[in-house]
**Student:** 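Please read through the structure below; I'll follow up with questions.
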Amino acid sequence: MSYILNIETATKNCSISIAKEGVTLFCKEMSEQGYSHAEKLHVFIAESLQELKIDFSDLEAVAVSQGPGSYTGLRIGVSAAKGLCYALNIPLIAIDTLEILARQLSVSDGLIIPMIDARRMEVYDAIFDSQHTKIRETKAEIITEDSFAELEGSIHLLGDGAMKCADVLNDSRFVYHPDVVYPSAKEMSSLSFDKHKKSDIVDVAYFEPFYLKDFILHK
């Protein structure tokens, strides 16, 4: 029996899941105001393996949330994933963070716009249809009252970047989902399995997170 380990650390949520054939068997996650991913991530992985009574040698691949998101969070997740892949000689799979977030929401029609907070009124976002197909690529954009004016129909907003837009994007087209705040490794299971079947993997040596913006140290 082989398993895929999924790692999601792009936001304040430190999240891992272990899946078999696209089905999540176990998920452990915690979101805190202060990032504690460096302390929690490897503990969560060890506890999850123990819970399922499996070993690292049972893992067939590791999937990691590639970004965009927190610079620090992404570095921690990708570094851990790379280390495991090197040590176990297994492939690395990279998954779009915004798609992971979007898949937490099921709607019958309209558009889904997952938003990750990028400070002030800026967000990382992308646009998906109701079948979770991406129809507009990821952007870092400052939200104004004119944002998404070209879109028609219901627009579902979710993620930790969405609620801060409520005062600006307030017409009847916009539907907010405050219960969906952070991406979760639970939603990575089917995505990583599909990529693994197609051998859609990345180079462990050269893969870097998708930061979207350069890291700037604010003094």
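The figures here come from the full heavy-atom set of this structure, side chains too, leaving out hydrogens, waters and symmetry mates.
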**Student:** Within a strict 4.5 Å, meaning less than it, do heavy atoms of the F56 and L5 side chains meet?
**Tutor:** no
**Student:** Less than 4.5 Å apart, side chain to side chain, heavy atoms only: is that true for P114 and F128?
**Tutor:** yes
**Student:** E29 and S184: side-chain donor and acceptor closer than 3.5 Å?
**Tutor:** yes
**Student:** For A80, check side chain to side chain contact (heavy atoms under 4.5 Å, CB included) against everything at least two apart and list the hits.
**Tutor:** L41, H42
**Student:** How about P68 and T138: do any of their side-chain heavy atoms sit closer than 4.5 Å?
**Tutor:** yes
**Student:** If a pair satisfies salt bridge (charged side-chain N to carboxylate O under 4.0 Å, His left out) and one of its residues is in residues 151-164, list it, with sequence neighbours excluded.
**Tutor:** D117-K164
**Student:** Taking D58 for its side chain and D55 for its backbone only, find out whether a donor-acceptor pair lies under 3.5 Å.
**Tutor:** yes
**Student:** Any heavy-atom pair between the side chains of H196 and I4 that's under 4.5 Å?
**Tutor:** yes
**Student:** Is the shortest heavy-atom distance from the side chain of V78 to the side chain of F207 under 4.5 Å?
**Tutor:** yes
**Student:** Taking E208 first and then R75, would you say they form a salt bridge - that is, a charged N and a carboxylate O separated by under 4.0 Å?
**Tutor:** yes
**Student:** What do the steps show when you test V181 against N13 for side-chain contact (heavy atoms from CB on, under 4.5 Å), and what is the final call?
**Tutor:** CA-CA 9 Å; V181 181; N13 194 31; over 6 Å; no
**Student:** Looking at CD of Q66 and CD1 of I93, how far apart are the two atoms once the value is rounded to the nearest 0.5 Å?
**Tutor:** 12.0 Å
**Student:** With sequence neighbours excluded, tell me which residues meet ring-ring contact (aromatic ring centres under 6.0 Å, His included) with H177.
**Tutor:** H156
**Student:** Any side-chain heavy atom of E60 sitting closer than 4.5 Å to one from Y3?
**Tutor:** no
**Student:** Check the pair S48, I16 against side-chain contact (heavy atoms from CB on, under 4.5 Å), reporting the backbone distance first and the verdict last.
**Tutor:** CA-CA 8 Å; S48 299; I16 76 103; 3.0 Å; yes
**Student:** Could you grab the distance from atom NZ of K195 to atom NZ of K197, nearest 0.5 Å is fine?
**Tutor:** 13.5 Å
**Student:** With a 4.0 Å cut-off, would you call D200 and K198 a salt bridge?
**Tutor:** no
**Student:** Looking at E141 and R136, is any side-chain nitrogen of the basic one under 4.0 Å from a carboxylate oxygen of the acidic one?
**Tutor:** yes
**Student:** Between S189 (side chain) and V23 (backbone), is there a donor-acceptor pair under 3.5 Å?
**Tutor:** no
**Student:** Decide if atom CG of D171 counts as having more than 12 heavy atoms of other residues, nucleotides or ligands within a radius under 6.0 Å.
**Tutor:** yes
**Student:** Side chains of residues 94-113: which donor-acceptor pairs under 3.5 Å do they make with residues two or more places apart or in other chains?
**Tutor:**
residue: D96; atom: OD1; partner: L98; partner atom: N; Å: 2.9
residue: D96; atom: OD2; partner: K134; partner atom: NZ; Å: 2.4
residue: T97; atom: OG1; partner: S65; partner atom: OG; Å: 2.4
residue: T97; atom: OG1; partner: G67; partner atom: N; Å: 2.7
residue: T97; atom: OG1; partner: G67; partner atom: O; Å: 3.3
residue: E99; atom: OE2; partner: R103; partner atom: NE; Å: 3.1
residue: E99; atom: OE2; partner: R103; partner atom: NH2; Å: 3.3
residue: Q104; atom: NE2; partner: Y182; partner atom: O; Å: 2.5

**Student:** Start with the C-alpha gap between M115 and I143, add the side-chain angles, then the distance that decides, and say whether side-chain contact (heavy atoms from CB on, under 4.5 Å) holds.
**Tutor:** CA-CA 11 Å; M115 293 180 165; I143 300 300; 4.0 Å; yes
**Student:** Mark yes or no for whether S79, through its side chain, and I76, through its backbone, hold a donor-acceptor pair below 3.5 Å.
**Tutor:** no
**Student:** Looking at residues at least two apart in the chain, or sitting in another chain, which of them share a salt bridge (Lys or Arg N to Asp or Glu O under 4.0 Å) with D129?
**Tutor:** none
**Student:** Judged by atom type as modelled, is there a donor-acceptor pair below 3.5 Å linking the side chain of Y124 to the main-chain atoms of G161?
**Tutor:** no
**Student:** Would you please name every residue forming a salt bridge (Lys or Arg N to Asp or Glu O under 4.0 Å) with E150, sequence neighbours left out?
**Tutor:** none
**Student:** Should V202 and L88 be counted in the same cluster of Ile, Leu, Val, Met, Phe, Trp and Tyr side chains packed under 4.5 Å apart?
**Tutor:** yes
**Student:** Looking at side-chain heavy atoms only, is the closest gap between R120 and I142 below 4.5 Å?
**Tutor:** no
**Student:** Can you tell if the side chain of N6 reaches within under 4.5 Å of the side chain of T24, non-hydrogen atoms only?
**Tutor:** no
